[in-house]
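These values consider heavy atoms only, across backbone and side chains, with no hydrogens, waters or symmetry-generated copies. Just so you know, ligand 1 is whichever comes first in the structure, and atom 1 is the first atom listed for that ligand.
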Amino acid sequence: VTEPSGYAGPRALRELLDAVLSVASDLHPELVLQRIITAAVDLVDARYGALGVIDEAGSGLSQFVTVGIDQSGREAIGELPKGHGILGLLIVDPQPLRLPDLNEHPDSFGFPPNHPPMRSFLGVPIRVRDTVFGNLYLTDKTTAETFTDVDEELAVALAAAAGIAIENSRLHSRVQEMAVVEDRERIARDLHDTVIQRLFAAGLTLQGTTRMVAEPEAAARLQQVVDDLDVTIRHIRTAIFGLEVARLHGKSLREDVLLVIDESSRVLGFAPQVRFDGPIDSLVPADVAEQVVAVLREALSNVARHAEARSVEVALDAESELILTVRDDGVGPSPDGVHGNGLRNMHNRAITLGGALALTPGRDGRGTQLSWRVPLGR
Ligand SMILES: Nc1ncnc2c1ncn2[C@@H]1O[C@H](COP(=O)(O)OP(=O)(O)O)[C@@H](O)[C@H]1O
Ligand SMILES: [Mg+2]
């Protein structure tokens with residue numbers, strides 16, 4: 001008696017259950033992807049498997065996690081596929097796709113040199129909530145000529161479980177991130193509430209003592225210590241300002257920007273000027289808004305630490321692009337153009353959103369102008 005086509009027997013169901021359980025969701029997201037594709041390959045007896053993650057534009061692949069080809073094999077093939085040809089079919093039309101021979105499909109580009117030959121093909125999309133996250137690509141069934149109806153159903157079921165595992169793993173990472181943020185905030189609060197208060201009190205006491213000391217040289221030395229304490233307090237305040245990462249109390253980007261600017265005046269010693277242009281709150285999506293606030297915080301903390309400025313202008317313009325400009329009248333950017341972590345982060349935040357960062361001398365060659373721009377209306 002043969003099983004009717006489309007009927008998954010007990011063995012297959014048990015394997016599916018094993019596969020689903022093996023995809024633990026509290027792992028690092030990368031590991032979750034590796035487990036998913038390994039489970040999928042086992043489940044349908046594929047020789048090769050890959051999990052392609054769709055990029056932000058939704059038109060290509062940003063990640064390609066493979067099974068069945070070892071490290072040296074991967075190096076021999078070279079660059080990872082970008083999502084053209086057969087791989088692209090599932091990106092354009094996220095439906096299960098089964099082919100007896102993928103080389104014969106009209107969309108096939110053929111394989112790059114050193115790529116192992118592959119014939120039978122089964123692809124299924126993975127959805128996370130309602131959006132297509134990526135695809136499972138399975139090739140070369142080892143126990144038959146082609147993948148079966150049952151294989152397809154099993155792969156679809158596994159993809160559904162995979163979507164949930166990926167979402168859980170993302171949530172898990174976010175919770176961990178939040179723990180780090182809370183830790184930084186705790187340190188920042190601690191520095192503020194205890195360390196600064198004590199230094200401040202010590203400074204006041206010394207200041208009082210200075211007046212009681214008759215000998216001019218001793219008095220001058222004490223005064224020097226008082227001044228040093230002031231500088232130290234200023235440094236700690238700047239460090240605190242940099243530590244308070246994503247504290248967004250405001251109801252809108254505009255409010256968040258004003259909050260950061262308000263906080264920064266404590267470390268700068270003066271209040272920056274600020275100008276808004278364009279319908280900022282309606283044009284700027286939440287993920288971009290979050291980046292802008294982080295970039296502004298780093299830019300202002302750089303002014304406080306490096307610029308020796310007496311004034312700062314902050315401008316935020318939103319039209320087809322969002323442009324954040326922070327201009328100071330200080331010493332200007334260092335001529336060797338050295339980038340520390342701060343500038344690198346700002347640069348990366350821009351690149352991720354398809355934008356750019358520029359640090360140039362200010363107007364009339366005085367001071368520094370930081371300009372951070374990203375496209376809007378994606
Ligand atoms: N507004 C500024 N004025 C003068 N120099 C600046 C300014 N912003 C950045 N720089 C210079 O660029 C360098 C790199 O900055 P950054 O990447 O934030 O690293 P860090 O602040 O840790 O030194 C700074 O060390 C400083 O020399
Ligand atoms: Mg910095």
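The nearest heavy-atom contact from the protein to atom 6 (C) of ligand 1 is His306 CB, 3.8 Å. Looking at atom 8 (N) of ligand 1, its nearest protein heavy atom turns out to be Asn302 CB, 3.5 Å. Closest to atom 1 (N) of ligand 1, if we only count protein heavy atoms, is Asp328 OD2, 2.9 Å. Shortest contact from atom 3 (N) of ligand 1 to any protein heavy atom: Thr368 OG1, 3.3 Å. What sits closest to atom 13 (C) of ligand 1 on the protein, heavy atoms only, is Val338 O, 3.6 Å. Looking only at protein heavy atoms, the nearest one to atom 22 (O) of ligand 1 is Arg305 NH2, 3.6 Å.
Less than 4.0 angstrom separates some heavy atom of Glu298 from each of these atoms of ligand 1: 18 (O). Listed by number with element, the atoms of ligand 1 under 4.0 Å from a non-hydrogen atom of Leu343 are 12 (O), 14 (C), 15 (O), 16 (P), 17 (O), 18 (O).
Side-chain contact check for Gln224 and Arg221: no donor-acceptor pair (N or O, by modelled atom type) lies under 3.5 Å. One side chain, Arg344 or Asn341, offers a donor N or O that lies under 3.5 Å from an acceptor on the other. Side chain to side chain, Asp227 and Gln223 meet the donor-acceptor criterion of an N or O pair below 3.5 Å.
Between the choices Gly367, Ser334, Pro335, Gly332, the shortest heavy-atom distance to atom 11 (C) of ligand 1 belongs to Ser334.
Panel note: side chain Trp372, backbone Val295; no donor-acceptor pair is recorded below 3.5 Å. Asp101 places a side-chain N or O within donor-acceptor distance of the main-chain N or O of Asn103, the cut-off being under 3.5 Å.
Between Glu313 and Arg275, no side-chain nitrogen of the basic residue sits less than 4.0 Å from a carboxylate oxygen of the acidic one, so the salt-bridge criterion is not met. Salt bridge status for Arg98 with Asp151: absent, with no side-chain N to carboxylate O gap under 4.0 Å.
Annotation: His235, atom NE2; neighbour count of heavy atoms from other residues, nucleotides and ligands within 6.0 Å does not exceed 12.
Taking 2.8 Å as the criterion, Ser301 does not count as a coordinating residue of the Mg ion (ligand 2), since none of its N, O or S atoms falls below it.
Inclusion of Arg344 in the set of residues having an N or O under 3.5 Å from an N or O of ligand 1 is not warranted. For Gly340, a nitrogen or oxygen atom sits less than 3.5 Å from a nitrogen or oxygen atom of ligand 1, counting backbone and side chain alike.
If you look at Glu298 and ask which of its N, O or S atoms sits nearest the Mg ion (ligand 2), the answer is OE2.
In this structure the side chain of Thr368 never reaches within 4.5 angstrom of the side chain of Arg327, judged on heavy atoms.
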